[in-house]
Amino acid sequence: MMSRLRPSFARALVLGCRAGLLVFLALYTLCALFNMKLGYQGNESASLQDRVWNEFRGVVLGQVGRLILAYAGVGLVLGAWMGAGLWALRVSRRAVFWGSALACLAVEIPWVLADMAHHPHLYAATLYGRAAWTKALLLAMSGSSPTVWRLAALLPAVWVPLALFVSGGFRPPRWAWGLAALATALALGFASGQFQGKTPALASPRPNLLILAADGLRPDHFSGNGYARPTTPHMDRLMHEGTQFRETVVQVPRTGPSWATILTSQWAGEHPIRHTLVGHEAREARLTTLATVLGSAGWQTAVVSDYAGDIFSRFPFGFQRVEAPAFNFPDLIRQRMLITHVALLPWTALVPSLFPERGQFPELTDPAPLRRAAQRAIEGFTPEAPFALLVFGSSTHFPYAAPFPHEGHFIAKGYRGPWRFGASPQMEAPPDAPPPTPEDIAALAANYDAALVTFDAFVGDMLAELERRGLMDSTLVVLLADHGESLAENGRGIGHGDHLWGSETLRVPFVLRFPGRVAAGHTVMSRARSIDVAPTLLDVLGVPVPETFRGRSLAPFIVPDASKEELPELPALIETDLWFSDRDGQPYQQVRLPYPWVYDLAAVEPPQGDIVLKPEWEAPVEAAKHRGLYLGRWKLLELPTPRGMKVELYDVVTDPSEQQDVSAQHPEVVAPLRELLARERPRGLETR
C-alpha cells in the first residue's frame, strides 16, 4: 500500500538514483561479458592477454574500477534527474523507480545510436563481426544523421525542469528572473562575439609557418592531381596558389623515424630514431631540428596532434609547446578495455579528461578536437614574434575512419564485406582466410578517400582560421605527410613500413604557399627528398640552415620567376622499419631475414611503460632491413635473405607501378647504384 504513495522529493531522488545505478551497472555487466578479448585493431594474441593479466593486473583492475565508477556516476546523475521529474508528476514510489529506469534507457539508447551514427568505425571494432544483428544495426546507423538521435536522447530529459515548474514544486523568487535575464544577455553577447569573430591578430614583421600534415597522405588521391573522385578541394587550392613538388620521397615509411628524418634533415642512422620502438636513450637524445632552429631564431614553436602523433610527446623534437597523446602499454590496455564499453563511449566524449585514452583510439579520427587544439595554439601565440605550428592529423591512417557526414560516402551500394568500415594490417593472418576480393579492395580505397575528404575539410578550416585572423598572406603554409599508404593494390598489403615496392607508401605531398616568396600554380618535376624539407622551409623563412642538416634547400626553384631547370639529381635513400609480424602472410615475408613477431621482440620499459625493442634484437632488426635508393629513372632495392642478398631494379619512368624487375637486363646500372648506396647510407648496428 505504501509503495503507491507519492514519495517526498528526497525520496524520489533516492529512488531515481537506485534505478539509474541499476540500469547502468547492468549495462556495464553486459558490455564486460559481451567482449572479454583484449585486441588492437583486430589483432589478438592469447599469449599477450596472459601477459597483460599476469604483469599488468593492477592496470586492468584499476581500469575496471574507473569504468564501474563512470557507469555509476552517469546512472546516479541521470537517475536522480529522472526521479525529480517523476516526483513532479505526483506518481507513486514504484512508478518513480521503474519510470526512472525506463527514462534512463530512453536517454541511453538514442545517445549511443547518435554516437554510432557519428563515429561508426569506433563501434565497428566491437560490433561489426560480433553477431548478425549488431552488424545490421551498425550498417543501419551508417549514414544516418546523429542530430536526430541526439534530439531523441534529449527529449526524455528536457521535460524534467518543465514538469518541476508546472507542478509548482519550485517557484523561483522574483530576483531569480533578473539573474536569469542577465545570464541570458551575457550568453548571447558571448555567442555573438564568437560568431562575429575576434579582432585580427597583429602580424609579426617576420613570416609565420603553418605545417598541415596527415598520417598516410597520398598525393595520387588528390583530385587536383587527376584523381577521379572529388577528394581535396582545399588542398587543391593550396596547390593552385602555391608550388608543389611532383614527387617527394620519404626514407622510412613509418611515423616516428620519418618525422625524425624530416625535422632533423638527417638520414635514419645519423639521427638515433632508426625504427619505431627505440628505447629511452634515443628518445632523450638532444637533436637539432627545424623546431629548435626556429626557436633559437625567435619563433614561437608548437605541435598539436591526435592519436597517430604520440611520437611528438615521446621524442625530443624541440617544440616549445606540445599537445599530443601519450602512448605506452598501460594506456594501450586502458584504451582497448574502454572501446568495448559501447554503452559508456558516448558519455566519455562529454568529459574527455576523465578518460584521456579516448584520444588514442585509432578508430576515432574526427578532426574536430584537433581543429580546436590548433585554434587554441594560434590563439596562444603572441603577436610580437612569429610562430611555427605543426598540426598532424590521423584521419588517413588505418582504419581510415571518417566520421559523419563523410563516412561511407564512396562505398559501393550493397557492400557488406569485411572492409566496410575500414581495415588494419593483420599481424596473424588466419590460415583459412580468403584473399581480399576486388570489392574489398574498392571498399578500402573508398574508406580511405572518405578519410581524405575529412582531412581536406580540416585543411579548409585551418585556412579559414588564418584568413579570419588576417594571417593568410604573412604565413608560409605547407602541406606534408610522414609517409603514404598501401591500400592492397597489386597484392602489396595494407599499411606502411613493411616493404619498399611501389611508390604508394614512399611518396608524400610537399606543397608550399606564400604569396610573394613562393610561385603560384607551379609544379617542380624533379624529385625531392624528406631531408630537403627542413632546409627549404628555413631558407624561405630567411633563417640560416645549420651544418648538421644533410638535405639541400629547394627554395631557389620555387620562388616567383624561378628557373625551370630541373634539380641536379641526388640519391633518395629508402628503407623499411622493423617488422611487427612473421606470420601475416604478406609477400615481403618470402624475401627477408627471419626474426620473431613483436610480441616476442618488444619489452615494456619502466617507469612509463613505453614499448621498446629488446636490446638483443637491435642488431638483427637492423641487418634485416630492406634498403634502396631512387636516382633518376632508377629505383634500386637490396633485400637481405637467408640465401644471400636479393637485388632488384625498377625503371620508374616506363614502369611506374614497378611490376618488372630489370636488374638482370641492366647490370651496368645495378653495380654503380649499389656502390652509391653503400657510400651514402649510414652504418647500422650490424657493422659495429
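We're numbering straight along the sequence, starting at 1.
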**OP:** May I ask you to decide if Pro7's main-chain N or O and Trp87's side chain share a donor-acceptor pair within less than 3.5 Å?
**Re:** yes
Subject >> Heavy-atom side-chain proximity of Arg314 to Asp610 below 4.5 angstrom >> reply: yes
Original post:
Looking just at side-chain N and O atoms, do Arg372 and Gln375 make a donor-acceptor pair shorter than 3.5 Å?
Top reply: no
Original post:
In terms of side-chain heavy atoms, does Gln300 have a donor or acceptor partner in Thr382 at a distance below 3.5 Å?
Top reply: yes
Original post:
Do the side chain of Asp449 and the main chain of Arg229 share a donor and acceptor less than 3.5 angstrom apart?
Top reply: no
Subject >> Taking every non-hydrogen atom, the tightest pair across Leu13 and Ala84 >> reply: CD2-CB, 3.9 Å
Original post:
Going by heavy atoms in the side chains, are Trp347 and Trp111 under 4.5 Å from each other?
Top reply: yes
Subject >> Closest non-hydrogen atom pair, Glu485 against Thr396 >> reply: CD-O, 4.5 Å
Original post:
Are the side chain of Glu428 and the backbone N or O of Gln426 linked by a donor-acceptor pair below 3.5 Å?
Top reply: no
Subject >> salt_bridge(Arg416, Glu439) N-O dist < 4.0 Å >> reply: no
Original post:
How about Phe317 and Phe312: are their ring centres within less than 6.0 Å of each other?
Top reply: yes
Original post:
Where do Val91 and Leu86 come nearest, in terms of heavy atoms and distance?
Top reply: CG2-O, 3.4 Å
Subject >> Audit row: Ile333, Gln63, side chain to side chain contact (heavy atoms under 4.5 Å, CB included) steps and yes/no >> reply: CA-CA 9 Å; Ile333 295 171; Gln63 183 70 337; 5.9 Å; no
Original post:
Can Leu370 and Val304 be said to form a side chain to side chain contact (heavy atoms under 4.5 Å, CB included), step by step?
Top reply: CA-CA 7 Å; Leu370 181 64; Val304 297; 4.1 Å; yes
Original post:
Hey, is Arg376 close enough to Glu323 for a salt bridge, meaning N to O under 4.0 Å?
Top reply: yes
Original post:
Would you call the rings of Phe387 and Phe381 parallel, tilted or perpendicular, where under 30° means parallel and over 60° means perpendicular?
Top reply: parallel
**OP:** Decide yes or no on side chain to side chain contact (heavy atoms under 4.5 Å, CB included) for Arg321 and Val303, but give the supporting numbers first.
**Re:** CA-CA 6 Å; Arg321 292 167 49 196; Val303 58; over 6 Å; no
**OP:** Start with the C-alpha gap between His121 and Tyr400, add the side-chain angles, then the distance that decides, and say whether side-chain hydrogen bond (donor to acceptor under 3.5 Å, both in side chains) holds.
**Re:** CA-CA 9 Å; His121 293 77; Tyr400 324 117; over 6 Å; no
Original post:
Between His341 and Tyr28, how do the two ring planes meet: parallel, tilted or perpendicular, split at 30° and 60°?
Top reply: parallel
**OP:** Would you check if there is a donor-acceptor pair between the side chains of Asp456 and Thr232 at a distance under 3.5 Å?
**Re:** no
Original post:
Between Ser313 and Pro325, is there a donor-acceptor pair closer than 3.5 Å when you use the side chain of the first and the backbone of the second?
Top reply: yes
**OP:** Could you check His119 against Phe361 for ring pair (Phe, Tyr, Trp, His ring centres under 6.0 Å), going step by step and ending with a plain yes or no?
**Re:** CA-CA 11 Å; His119 307 292; Phe361 285 147; over 10 Å; no
Original post:
With a 4.0 Å cut-off, would you call Glu379 and Arg469 a salt bridge?
Top reply: yes
Original post:
Does Ile211 reach the side chain of Val391, with side-chain heavy atoms less than 4.5 Å apart?
Top reply: no
Original post:
Below 4.5 Å, heavy atoms only, C-beta onward: do Leu212 and Met235 meet side chain to side chain?
Top reply: no
Original post:
His280 and Glu605: side chain to side chain contact (heavy atoms under 4.5 Å, CB included), yes or no, with the steps?
Top reply: CA-CA 8 Å; His280 70 278; Glu605 188 176 64; 3.1 Å; yes
**OP:** Evaluate side-chain hydrogen bond (donor to acceptor under 3.5 Å, both in side chains) for Asp306 paired with Ser394, printing each intermediate quantity in order.
**Re:** CA-CA 6 Å; Asp306 48 15; Ser394 308; 2.5 Å; yes
Original post:
What's the spacing between Ser395 OG and Asp366 CG if we round to 0.5 Å?
Top reply: 7.5 Å
Subject >> Side-chain heavy atoms of His234 within contact of Phe458, under 4.5 Å >> reply: no
Subject >> Side chain to side chain, Val64 and Met337, heavy atoms closer than 4.5 Å >> reply: yes
Subject >> Heavy-atom donor-acceptor pair, Thr365 side chain to Ala401 backbone, under 3.5 Å >> reply: yes
Original post:
If you draw a 6.0 Å radius around CH2 in Trp159, do more than 12 non-hydrogen atoms from other residues or ligands fall strictly inside?
Top reply: yes
**OP:** Please report the closest heavy-atom contact between Asp331 and Ala326, naming both atoms and the distance.
**Re:** OD2-CB, 3.9 Å
Original post:
If you round to the nearest 0.5 Å, how far is CD1 of Ile378 from CG of Leu466?
Top reply: 5.5 Å
Original post:
What are the two closest non-hydrogen atoms of Gly216 and Tyr448, and how far apart are they?
Top reply: O-OH, 2.7 Å
**OP:** Please tell me if the side chains of Tyr128 and Thr134 come closer than 4.5 Å, counting only heavy atoms from C-beta onward.
**Re:** no
Original post:
How far does CG of Leu113 sit from CH2 of Trp149, to the nearest 0.5 angstrom?
Top reply: 5.0 Å
Original post:
Do Tyr123 and Glu363 have a side chain donor and acceptor closer than 3.5 Å?
Top reply: no
**OP:** Dump the intermediate steps for side-chain hydrogen bond (donor to acceptor under 3.5 Å, both in side chains) on Asp440 and Tyr415, then the final yes or no.
**Re:** CA-CA 8 Å; Asp440 294 333; Tyr415 177 75; 2.5 Å; yes
Original post:
What closest approach, in Å, do Met141 and Ser144 show between heavy atoms, and which atom pair accounts for it?
Top reply: O-OG, 2.7 Å
Subject >> Pairwise side-chain contact, Leu27 with Phe24, heavy-atom cut-off 4.5 Å (strictly under) >> reply: yes
**OP:** Taking atom types as modelled, find out whether Arg420 and Ser142 have a side-chain donor-acceptor pair closer than 3.5 angstrom.
**Re:** yes
Subject >> SB check Arg150 Asp115 (cutoff 4.0 Å) >> reply: no
Original post:
Any donor-acceptor pair under 3.5 Å linking the side chain of Ser92 with the backbone of Leu5?
Top reply: no
Original post:
Taking Ser305 for the side chain and Phe392 for the main chain, is one N or O donor matched with an acceptor at less than 3.5 Å?
Top reply: yes
